[in-house]
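Data block below; observations after.
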Amino acid sequence: MPEQPRSTLITGIGELTTNDEGLGRMRDAALVVEGDAITWVGRASDAPAADARIDVEGRAVLPGWVDSHTHLVFAGDRTAEFEARMAGQAYAAGGIGVTVAATRAASDEALTANLDRLADEMLRGGTTAFETKTGYGLTVADELRSARIAATRADAVTFLGAHLVPEGEDADAYVDLVTGAMLDAVAPHVDAVDVFCERGAFDEAQSRRVLEAARAAGLALRVHGNQLGPGPGVRLAVELGAASVDHVAFLDDDEVRMLADTWQGGSGAAGGRGTVATVLPACDLSTRMPLAPARRLLDAGAVVAIATNCNPGTSYTTSMAFCVATAVLQMGLTLEEAVRAATLGGAIALGRDEAGTAGAGAAQAGTARLPLGRIRPGSRADLQVLEAPSITHLAYRPGVPLVHAVWRAGERLV
Ligand code: NIG
């Protein structure tokens with residue numbers, strides 16, 4: 001007989017941010033965690049009995065961050081490039097090649113240790129689920145080992161063979177490889193395929209080939225689009241029903257409307273789901289690009305996710321709290337909107353919200369596919385407790401490490 005899960009009542013919650021339309025942002029709340037799931041949420045005074053009880057003494061509780069865009073399988077250092085950028089040099093995709101050379105030269109152990117270091121740092125910062133990408137290997141063998149290493153820690157793995165055309169190679173021949181032997185090798189290890197659709201990386205026709213091959217392989221689609229200037233990335237992502245288009249720093253009104261429309265009536269997106277616009281504020285700052293128009297996107301009705309884009313070139317931070325504070329202080333989001341985008345928004349981008357996980361349960365072992373991004377019965381018990389009475393402090397006290405405790409899948413890890 002399997003052992004009965006122990007239930008824990010978390011009470012004394014000064015403010016509970018649930019992302020649940022009915023429950024909202026509650027005061028004097030409590031919740032029950034049983035096994036890896038949340039089984040009850042309500043007023044502290046109505047709380048049921050449980051095997052164990054933890055009083056968080058008026059602190060704020062919110063879902064763990066869901067970081068839906070990172071590049072954590074890499075080796076090497078790009079401090080000099082960053083310093084040159086801060087002295088006025090523009091970011092160019094070519095810098096990726098420096099990390100590719102270092103990554104190819106690194107052992108599996110070194111790559112795994114670096115991934116673990118960053119994943120541990122994320123957890124201490126309140127991140128309880130994350131996606132990470134390949135893209136610094138760019139050979140069949142190096143992309144395959146990147147995907148395998150990524151899968152040891154990440155909740156979702158994305159194949160980004162189409163990150164850069166390796167030096168000295170012909171672009172179209174390289175796309176043949178990405179859409180052929182490379183995709184065949186990595187497909188069993190990944191959830192999605194991404195393409196860097198940008199001047200200096202892959203053009204519209206090449207990006208389309210990558211995405212169509214991914215779709216034929218039954219994988220979700222992602223696009224790095226409109227990062228360094230206007231371009232075809234957003235239009236392509238919407239046309240092909242991508243799960244997300246990320247960066248989106250340069251959007252005209254039509255592109256904003258197009259992204260919002262993917263959520264109206266299910267048009268334009270695979271399986272009736274729209275295309276999430278993922279904004280990456282730390283990257284915009286680090287590359288001295290305009291901040292993505294998250295306010296305009298939300299006003300138009302788009303679904304927005306906030307992610308770190310942690311990578312050694314354009315955004316070397318694991319801090320979702322920094323991204324949330326930037327979204328509030330500089331992009332015009334309210335605290336509630338920013339927290340929602342950094343939790344539920346990421347879950348939707350990864351197909352790990354309720355709608356995305358519906359029906360997946362039977363195919364998955366155990367409860368590995370409990371939905372993420374909300375605090376309500378049935379969700380995975382991924383929580384962070386702040387050393388503060390409300391989420392307001394995330395922007396009111398920017399830069400201050402406010403994480404007091406973290407639960408992931410019902411287990412207290414911080
Ligand atoms: O998302 N834009 C492409 N890829 C990364 C940057 C990678 C790098 O410069 O190493 C990004 O910003």
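Indexing begins at 1, ligand by ligand and atom by atom, following the structure's order.
- Polar contact with ligand 1: present for Arg78 (N/O pair, distance under 3.5 Å).
- Inspection of the Thr99 and Arg78 side chains reveals an N or O donor paired with an N or O acceptor under 3.5 Å.
- The heavy-atom pair separating Ala129 from Arg380 by the smallest distance is CB-NH2, 4.0 Å.
- Within a 6.0 Å sphere centred on CD of Gln89, other residues, nucleotides and ligands contribute 12 heavy atoms or fewer.
- Taking all heavy atoms of His71, Gln227, His247, Glu198 into account, the minimum distance to atom 5 (C) of ligand 1 is reached by His71.
- Shown are Val279, Asn309, Thr278; of these, the side-chain contact (heavy atoms from CB on, under 4.5 Å) with His247 is made only by Asn309.
- Looking at atom 9 (O) of ligand 1, its nearest protein heavy atom turns out to be Tyr91 OH, 2.6 Å.
- Using bins of under 30°, 30° to 60° and over 60° for the plane-to-plane angle, the ring pair Tyr136/His71 lands in the tilted bin.
- Proximity to His163 (heavy-atom distance under 4.0 Å) selects the following atoms of ligand 1: 3 (C), 4 (N), 5 (C), 7 (C).
- Closest heavy-atom approach to atom 7 (C) of ligand 1 within the set Phe196, Phe74, Tyr136: this belongs to Tyr136.
- Closest protein heavy atom to atom 11 (C) of ligand 1: Asn309 ND2, 3.3 Å.
- Judged as a side-chain hydrogen bond (donor to acceptor under 3.5 Å, both in side chains), and not counting sequence neighbours, the contacts of Thr132 are Thr70.
- Ligand-side atoms of ligand 1 in range of Thr314: 6 (C), 9 (O), 11 (C), 12 (O), range being under 4.0 angstrom from any heavy atom.
- At least one side-chain heavy atom of Leu298 sits under 4.5 Å from a side-chain heavy atom of Glu337.
- Taking a cut-off of under 4.0 Å to the non-hydrogen atoms of Ile96, the atoms of ligand 1 that pass are 7 (C), 8 (C), 9 (O), 10 (O).
- Using a 4.0 Å cut-off to heavy atoms of His69, the atoms of ligand 1 that qualify are 1 (O).
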